[in-house]
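The structure under discussion appears below in the form of C-alpha cells.
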Amino acid sequence: MTAAVTPTPTRDVAALLGRWGVPALWVTLPFTAGPAFADALDPRSRAVQVVAAAGLWGFWTVALGAALVPRTTSLTVVRIIMPGALLASLWAALVSPSFGVAAVAAIAMGVIVTVAVLSAVTGDVYVNGSAYGAERRMPLRPPAALLAGPLELAWLVCVVGAGAGPLLLAAQSWIAGAVALLVGWPAIYVAGRALHGLSQRWVVFVPVGFVLHDFM
C-alpha cells in the first residue's frame, strides 16, 4: 500500500490545469501561430511548403493525441514536440518578409505552451496518469548537470533531426538531405530514449518509507 494524499482545493485546481491546460493551449496553436508559418513558407517552393505543412500538422496531431492521454510516455512526447512550436515560431519570425502581429502572436503562444508543458504541475499529472491504484508519485527534477546543456542538446537533436532531412530533400539538397536522414533519425531514437528516462524518475511514499524509481 502507498501513503494516501489528502485532496485539497488547490491541488484539485492544479490537477485540472495540468490535465486540460496543455491540450487546450495546443488546440489554439493553428489559429495563433498558423498565420506566421504561412507567411514564412509563402516564398518557398511548392515541395517545401507541402512537406513543411504536412510535418507541422503531423506533429501537432501526435502531440494533441499524447496530451489527451496522460502517461509517462505521453509526457516525453509532449515535452519534445510542444517546445518545438517556439523554435518554429522564432524561425518563422526571422525568415518572414516583415515582423508583424502574426509573428508576435506565434512567439507568445510558443512561450506559453512551452512554460505550461514543462511545468511541474503538468509533470505531476502525466506521471501519476501511469500510477497504480491509489499510488501517488512525486516526479523528480532533472539533475542540474543535465540542465547545463546535455538536456537541451538532446531535445534539439530530436526536433531538428526530425525535420531537417525531409525539408532538405524537398529543397532538392539531395546529399545533405540523405545525410540528415541517415544520421538524424537514428540520433532521434537515442536522444528520445534518454529524454524518456527523465520522465520515469519519481518517489513513491509507502508506510515503511519510500521507493525511489530512478534508472539514472
Side-chain angles (χ1 to χ4, degrees), residues 17-37 40-41 52-95 102-127 129 139-167 184-185 187-201:
L17 290 175
R19 177 67 180 89
W20 298 109
V22 168
L25 289 170
W26 192 246
V27 165
T28 68
L29 196 68
F31 307 100
T32 54
F37 295 152
L41 292 173
L56 289 171
W57 279 112
F59 286 125
W60 180 83
T61 302
V62 170
L64 179 60
L68 293 174
V69 184
R71 296 289 187 274
T72 52
T73 303
S74 302
L75 181 62
T76 302
V77 172
V78 296
R79 283 188 166 175
I80 291 175
I81 295 178
M82 290 188 177
L86 176 57
L87 186 63
S89 298
L90 292 171
W91 168 83
L94 289 174
V95 302
V104 173
I107 293 173
M109 181 53 66
V111 171
I112 294 172
V113 168
T114 299
V115 171
V117 78
L118 296 180
S119 69
V121 172
T122 298
D124 184 77
V125 169
Y126 280 68
V127 165
L140 300 173
R141 295 179 179 178
L146 296 183
L147 294 175
L151 179 59
E152 293 81 1
L153 180 60
W155 171 79
L156 199 62
V157 166
C158 291
V159 175
V160 176
L167 288 173
W185 285 19
I188 293 173
Y189 175 76
V190 175
R193 284 196 64 180
L195 292 174
H196 185 50
L198 297 176
S199 300
Q200 297 177 297
R201 302 175 65 246

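Of all heavy-atom pairs spanning Ala36 and Ala102, the tightest one is CB-O, 3.5 Å. When all heavy atoms of Ala116 and Leu25 are compared, the pair lying nearest together is CB-CD1, 3.8 Å. Across all their heavy atoms, Pro166 and Trp185 have their closest contact at CG-CZ2, 4.0 Å. Across all their heavy atoms, Ala85 and Ser89 have their closest contact at O-OG, 2.7 Å.
Counted within 6.0 Å of CH2 on Trp91, heavy atoms from surrounding residues, nucleotides or ligands total more than 12; the atom is thus considered enclosed.
Partner of Pro139 under the side-chain contact (heavy atoms from CB on, under 4.5 Å) criterion, out of Thr72, Asp124, Thr122, Leu75: Asp124 alone.
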**Study point:** Verdict with reasoning, Leu198 to Leu146, per side-chain contact (heavy atoms from CB on, under 4.5 Å)
**Key:** CA-CA 10 Å; Leu198 297 176; Leu146 296 183; 3.8 Å; yes
Practice item. Before giving the answer on side-chain contact (heavy atoms from CB on, under 4.5 Å), spell out for Met109 and Thr28 the whole-Å C-alpha distance, their side-chain angles and the decisive distance to 0.1 Å. Key: CA-CA 9 Å; Met109 181 53 66; Thr28 68; 3.7 Å; yes
Practice item. Output, in order, the C-alpha distance, side-chain angles, deciding distance and verdict of side-chain contact (heavy atoms from CB on, under 4.5 Å) for Arg79 and Leu118. Key: CA-CA 7 Å; Arg79 283 188 166 175; Leu118 296 180; 4.0 Å; yes
Practice item. I would like to know whether Val95 and Leu41 meet side-chain contact (heavy atoms from CB on, under 4.5 Å); could you show each step before the answer? Key: CA-CA 9 Å; Val95 302; Leu41 292 173; over 6 Å; no
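Side-chain contact between Val22 and Val113 is absent, with no heavy-atom pair separated by less than 4.5 Å. Residues Leu87 and Leu156 are in side-chain contact: their nearest non-hydrogen atoms beyond the backbone lie under 4.5 Å apart. Looking at heavy atoms from C-beta onward, Pro83 lies out of side-chain contact with Glu152 at the 4.5 angstrom threshold. For the pair Phe37 and Pro30, the minimum side-chain heavy-atom distance is 4.5 Å or more.
Tyr126 contributes no side-chain N or O that, together with a main-chain N or O of Thr73, makes up a donor-acceptor pair within less than 3.5 Å.
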